[in-house]
Protein chains: 2
Amino acid sequence: MTALSLSPSLAAPQQPIDALGHIGVRMTFSPGEEIYAQDEDADMFYRVIRGAVRTTRLLSDGRRQIGDFYYAGDLIGLEAGPVHRFSAEALGCCEIQVIRKSALKLYGDEGVKIERLIWAETARELQRTQEHVMLLGRKSACEKVASFLLDIARRFRGEVAELPMGRQDMADYLGLTIETVSRMVTQLQTEGLVRFLGCRRFEVRNATGLACLVET
Amino acid sequence: MTALSLSPSLAAPQQPIDALGHIGVRMTFSPGEEIYAQDEDADMFYRVIRGAVRTTRLLSDGRRQIGDFYYAGDLIGLEAGPVHRFSAEALGCCEIQVIRKSALKLYGDEGVKIERLIWAETARELQRTQEHVMLLGRKSACEKVASFLLDIARRFRGEVAELPMGRQDMADYLGLTIETVSRMVTQLQTEGLVRFLGCRRFEVRNATGLACLVET
DNA sequence: CGTTTCATTGAGTGCGATCAAGCCGTGTGG
DNA sequence: CCACACGGCTTGATCGCACTCAATGAAACG
């Protein structure tokens with residue numbers, strides 16, 4: 001097998017990651033707990049085993065931007081530079097596999113396979129981030145919230161979806177305020193596109209109507 | 001040399017790329033000409049030899065977002081998926097090295113070295129995109145324009161800087177309208193932070209004042 | 001020189017932010 | 001069991017930044 005595969009498949013994001021097996025150690029984090037900090041040395045990377053994680057970045061005056069949310073199976077902390085540009089925090093209770101980058105060297109052929117996985121995952125993250133740029137740069141508040149809910153809902157395939165994050169996190173991800181997020185959620189509900197059962201559980205009532213708000 | 005280097009250096013973005021040497025073919029593009037299209041097969045990647053390039057993405061209703069600008073030495077088209085999610089267009093006249101991904105297989109050891117370069121470059125692009133997210137999500141119009149000008153000015157190290165793109169491109173990169181960009185440019189000039197000589201050439205007059213607008 | 005394209009400026013509007021209550025689920029103690 | 005407090009969410013009123021629409025100005029080009 002040659003070392004070259006410049007177009008890692010997006011289609012199979014989950015299985016190959018299992019190659020990571022049980023390298024490293026597992027840790028559990030409580031809600032809000034920090035997994036790694038902004039500007040900390042990036043000598044580890046992490047895999048979410050259970051729960052959900054947010055990565056956040058603070059401006060010096062306190063404004064906050066959430067980079068992305070990560071769920072079971074996702075890798076986090078794959079920075080290019082020597083330090084983490086974002087911090088990572090547990091959204092709820094979660095279990096995380098922590099892997100020292102240098103440790104991979106010990107795994108020979110297996111290590112090479114893992115290296116390729118990581119590169120594929122980095123490329124996938126780049127794509128997600130580019131979508132995020134599109135959303136932040138050119139979408140209205142309503143479209144932002146609709147896109148976000150649709151994205152979450154997809155993970156639940158028609159079942160009632162559960163939001164692992166609160167409104168403030170949604171706002172900081174979407175580049176909005178908490179009040180605007182709340183208003184748009186209410187509006188989407190009034191229009192019959194989604195229905196909320198409590199503020200963290202919802203179902204999509206009109207998938208096509210919602211998708212229609214989310215231009216591509 | 002092991003196959004593992006998970007923290008490719010950000011510090012030396014230029015030299016190693018020379019490993020690409022003269023693989024592939026060189027092409028020239030005229031202003032505005034398309035290098036590759038959105039949704040086109042991503043079986044090539046590209047290196048800017050001379051000139052500047054923008055990558056753009058269109059929503060179905062015509063709203064446009066610019067992903068990034070690329071200059072001499074930069075690699076473009078390093079998508080993870082099978083198709084390009086953005087299109088790439090020449091900003092002015094430019095010369096581009098076009099490399100078929102599959103061709104790298106023919107280069108054996110050299111190919112492996114190049115593969116690693118490409119991965120480093122992808123990671124660097126991820127970082128730039130994350131900065132872009134921060135800018136779009138949490139900065140004011142004034143801060144956006146200031147950040148942008150400072151970023152460009154850095155490439156000219158105190159010399160008079162030349163903008164390779166027009167106001168519309170700046171606007172579509174910053175998530176603003178052309179009028180707002182123009183107003184902010186005027187404002188920054190009025191405040192004595194920058195000085196424009198024509199609408200595509202400028203110099204920074206007060207670097208600290210400008211940097212102060214650009215929170216990190 | 002006229003034409004075209006791009007940038008600037010002005011006037012007015014509207015979307016999303018801000019400020020301020022009010023609401024509601026949850027937990028705690030009497 | 002209720003009273004109360006607390007944090008997170010929602011709603012309302014108002015403000016202001018950035019957008020829109022329109023006109024003008026300034027380069028680039030034939």
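Naming convention: chains lettered A, B, ... in sequence-line order (proteins, then strands); numbering from 1 in each chain.
Across the protein-nucleic acid pair, R183(B) atom CZ and dG10(C) atom P stand 9 Å apart, rounded to whole Å. Rounded to whole angstrom, the span from the CG atom of L163(B) across to the C1' atom of dT8(C) amounts to 16 Å. Residue Q189(B) contributes atom CD, which lies 15 Å from atom P of dA7(C) at whole-angstrom precision. The CD-C1' distance, from Q168(A) to dT18(C), rounds to 13 Å in whole Å. To the nearest angstrom, C1' of dC19(D) lies 13 Å from CD1 of I178(B). Distance, Q187(A) CD to dT11(D) P: 12 Å, rounded to whole Å. Across the protein-nucleic acid pair, L174(B) atom CG and dA18(D) atom C1' stand 13 Å apart, rounded to whole Å. In this structure, CG of L136(A) is placed 16 Å from C1' of dA18(D), rounded to the nearest angstrom.
Taking only side-chain atoms of S182(B), from C-beta outward, the nucleotide of dC9(D), dG12(D), dA7(C) with the closest atom is dA7(C). Listed candidates were dC21(D), dA13(D), dC9(D). Nearest to the side chain of E179(B) is dC21(D).
Not counting sequence neighbours, D39(A) has no partner by the salt bridge (Lys or Arg N to Asp or Glu O under 4.0 Å) test. Applying the salt bridge (Lys or Arg N to Asp or Glu O under 4.0 Å) test to R138(A) and every residue at least two apart in sequence or in another chain returns D172(B). Here R157(B) pairs with nothing under the side-chain contact (heavy atoms from CB on, under 4.5 Å) rule; sequence neighbours left out. Checked against side-chain hydrogen bond (donor to acceptor under 3.5 Å, both in side chains), Y173(B) has no partners two or more places apart in sequence or in another chain. Remark: A37(B) pairs with E34(B), E40(B) by the side-chain contact (heavy atoms from CB on, under 4.5 Å) rule, at least two apart or across chains. With sequence neighbours excluded, the residues satisfying salt bridge (Lys or Arg N to Asp or Glu O under 4.0 Å) with E143(B) are R63(A). Taking the salt bridge (Lys or Arg N to Asp or Glu O under 4.0 Å) definition, one finds that R57(A) meets it with E131(B), sequence neighbours left out.
Helix bend of the helix from dC1(C)-dG30(D) to dG30(C)-dC1(D): the angle between its two end axes, each built from five pairs, comes to 30° after rounding to 10°.
Looking at E121(A), E79(A), R100(A), K101(A) one by one, the single match for side-chain contact (heavy atoms from CB on, under 4.5 Å) with F45(A) turns out to be K101(A).
Each side-chain hydrogen bond (donor to acceptor under 3.5 Å, both in side chains) pair with one or both residues in residues 193-213 of chain B, not counting sequence neighbours, appears once here: E162(B)-R201(B), R195(B)-E203(B), N206(B)-T208(B). Among pairs with a residue in residues 86-95 of chain A, those fulfilling salt bridge (Lys or Arg N to Asp or Glu O under 4.0 Å) read R26(A)-E95(A), R50(A)-E95(A), R54(A)-E89(A), at least two apart in sequence or across chains.
Contacts of residues 192-205 of chain B with DNA chain C (heavy atom under 4.0 Å): C199(B).
A tilted orientation is assigned to the rings of H84(A) and Y46(A), their planes being inclined by 30° to 60°.
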Contacts under 3.5 Å, N or O only, protein and nucleotides 12-16 of chain C:
{"residue": "dG16(C)", "atom": "OP1", "partner": "A141(A)", "partner atom": "N", "Å": "2.9"}

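A sub-4.0 Å separation between OP1 or OP2 of dT10(D) and a side-chain N or O of R167(A) is present.
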